[in-house]
Amino acid sequence: MIYLDHAATTPIDADVVVIIEKALRDQYGNPSSLYQKGREARKVIEDARKIFARSIQAQEKDLIITSGASESNNTAIIGTALALQEKGKHLITTAVEHHSVLHPMQYLEKLGFEVTYLAVDETARVTAQQVEEALRPDTILVSVIYGNNEVGSINPIEEIGSIVANHSALFHTDAVQVYGSKEINVEKEKIDLLSVTAHKLNGPKGIGFLYRRNNYHLPNYIHGGTQENDHRAGTENTPYIAGFAQAVENMLRKRDENNQQKEELKSFFLQELTKREIAFSVNGMESGGLPHILNLYLPGIQSDKFLIQCDLNDIFISAGSACTAGSLEPSHVLSAMFGKNSRRIVESIRVSFGSGNTKEEILLFVDLIERIQKRK
Ligand SMILES: Cc1ncc(COP(=O)(O)O)c(C=O)c1O
C-alpha cells in the first residue's frame, strides 16, 4: 500500500493516539464542572490552547477550538458577514478557495451580500494589487487561501495583510495546508482570522481552531452553553484537543526536517519522470510552493481512469481536492488556472507526500505511470 494523498488527510502519529486514549480513559470530566475531575479536563484544554497560540504567535484568548477547518472557515465568513453587515455587504475571495470558503460565500450571496471572486494566474495565485483594486468602502471581509490544497501554490499573504490592514475590512486566510510546513505569524502578516485543522498534520479528524484577532466577537451559531468564551456552545472534545496539541508539538519539532524530506521526494519523483522520458508538466509553482503537494499534468492520461488503475495497484492519490476526487467533478482550481476547456483539467493528478513516504515507493509509482503511458 502506497499512500500519496497527504493533502487529503494524514495518518495519525502513534504518540497522538496514546494521548487521545489517555484522555478518553482518564480525563473524562466535563471541563465546565468545577470539581477536580472537571478542572483536570479544563487544564488539558487550556494547555493545548497555549500550544496552538504559540504555533501562530497569537494570544490564547484569540483562539476558538472548532470541529475542523470547514467550521472555522464558515464561522469566519458567515460570522463576519453577520457582525459587520451594517458597515457593508461586500466580500472578496479567490476563485480557487476550498469549498468550505466558496460555499459559505455563495450562501451569503443568496442572503443579499455581494462577493468578488478574484481570478488567479496560471500558478493559482492572486496579487496584493488585485486585492487592493477590488477593495471598496463597503468591503467587510477579504478571504484568501494561504496555500492551495490542489496545486500547492502559496499566496503573498503578508503583502495582502498589509493592504487590508489599511482598510476597515477584516482579513481571513485558510491556512490548512500551510500550517504544517511554514512558520505563521499572525501579527507580522496582519491576519485577522485564520483557519487550521488537525488531520493534515498527523492529528485526529474533526478538530481544528479559528484564530480571530482581539477576541473579536463573531456571532454564535451554535447556541447553548458558554464554552469557548461564549463563542461555541457544546462540551469540548477533550481527547481530540489533547491529541491535536500533541500533533502540533510534533509538527513544530520536525517541521524543517519533514519539509526537506518532502522536497527531496518531490525532486526525486520529477527527476525519475524526466529520466524515463515520461511527458509531464507541473501545475502550480515550479518552485517555492508547498513541499508536500505536487500537481502533475500527464498529457494523454485521463485522470479518472488513472486513479482507478492506482487504486487497483494499492497506490492512493487524488485528482484534485478530496471531495472533488470523490465525485469526479472537474477541478474548479485547474479550471480557474487554465480555463474550462483545457486538457489539463481531465489529465492531471495530485500527489501529496508525507513523512512516512520513501524513494522506493516513488519508484513503484513511477513504474505504474510508465506502464500506463506506454499502453495508451
Ligand atoms: C484548504 C482546505 N481548507 C479546508 C479544509 C477542510 O478542513 P476540515 O476537513 O477540517 O473541515 C481542507 C481539507 O480538506 C483544506 O484542504
Side-chain angles (χ1 to χ4, degrees), residues 3-12 16 52 56 63-79 93-107 120 124-126 143-155 157 172-182 184 191 193-211 221-222 232 237 240-241 243-245 247-248 251 284-285 289-295 316-327 329 331-334 336-337 350-354:
Y3 186 77
L4 286 168
D5 202 14
H6 294 82
T9 197
T10 53
I12 197 158
V16 171
F52 303 148
I56 56 167
L63 292 173
I64 309 173
I65 298 172
T66 64
S67 65
S70 294
E71 182 187 326
S72 301
N73 285 339
N74 273 262
T75 307
I77 294 163
I78 299 173
T93 190
T94 80
V96 297
E97 299 293 314
H98 189 263
H99 285 134
S100 56
V101 167
L102 288 178
H103 291 175
M105 290 287 180
Q106 288 158 9
Y107 169 72
V120 294
R125 283 180 300 170
V126 293
S143 180
V144 175
I145 191 163
Y146 207 140
N148 190 274
N149 51 304
E150 291 195 30
V151 297
S153 306
I154 299 180
N155 272 311
I157 292 301
H172 167 250
T173 186
D174 174 344
V176 164
Q177 297 288 344
V178 161
Y179 184 56
S181 57
K182 185 183 174 298
I184 295 175
I191 297 165
L193 297 143
L194 176 134
S195 305
V196 157
T197 192
H199 72 102
K200 312 285 182 179
L201 44 133
N202 308 97
K205 293 160 187 56
I207 197 87
F209 66 72
L210 171 65
Y211 159 79
Y221 63 89
I222 303 180
R232 183 180 190 267
N237 189 345
Y240 274 21
I241 294 171
F244 182 13
V248 171
M251 178 274 285
M285 294 164 77
L290 291 171
H292 64 297
I293 297 183
L294 178 61
N295 198 304
F316 307 128
I317 58 152
S318 100
S321 63
C323 50
T324 307
S327 61
E329 289 274 323
S331 153
H332 67 285
V333 174
L334 295 178
M337 292 162 73
R350 178 184 70 181
V351 185
S352 47
F353 310 100

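Remember, it's 1-based here, ligands and their atoms both numbered in the order they're listed. Each residue takes its place number in the sequence, starting with 1.
Between K200 and ligand 1, a contact under 3.5 Å exists for at least one N or O pair. Checking only distances, T197 does come within under 3.5 Å of ligand 1, N or O to N or O. For a threshold of 3.5 Å applied to N or O pairs, the pair formed by A69 and ligand 1 contains at least one separation below that value.
Interatomic distance, OH of Y211 versus CD1 of I184, reported as 12.0 Å (0.5 Å rounding).
For ligand 1, the atoms closer than 4.0 angstrom to any heavy atom of S100 are 4 (C). Interface of S70 with ligand 1, defined as ligand atoms under 4.0 Å from a residue heavy atom, comprises 6 (C), 7 (O), 8 (P), 11 (O). Residue-ligand proximity, H199 to ligand 1, at heavy-atom distances under 4.0 Å covers atoms 8 (P), 9 (O), 10 (O). Applying the 4.0 Å criterion to heavy atoms of G68 picks out, from ligand 1, the atoms 10 (O).
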Check against side-chain hydrogen bond (donor to acceptor under 3.5 Å, both in side chains), Q177 and H292: CA-CA 9 Å; Q177 297 288 344; H292 64 297; 2.9 Å; yes
side-chain hydrogen bond (donor to acceptor under 3.5 Å, both in side chains) between H103 and N74, worked out: CA-CA 9 Å; H103 291 175; N74 273 262; over 6 Å; no
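Side-chain atoms of N155 never come within 3.5 Å of backbone atoms of I157 as a donor-acceptor pair (strictly under, hydrogens ignored).
Taking both residues in full, the closest heavy atoms of A8 and Y3 are given as CB-OH, 4.5 Å, listed atom of the first, atom of the second, then distance.
If you run side chain to side chain contact (heavy atoms under 4.5 Å, CB included) between V101 and each of S70, S195, S143, only S143 comes through.
Neither the backbone nor the side chain of E71 has a heavy atom within less than 4.0 Å of ligand 1.
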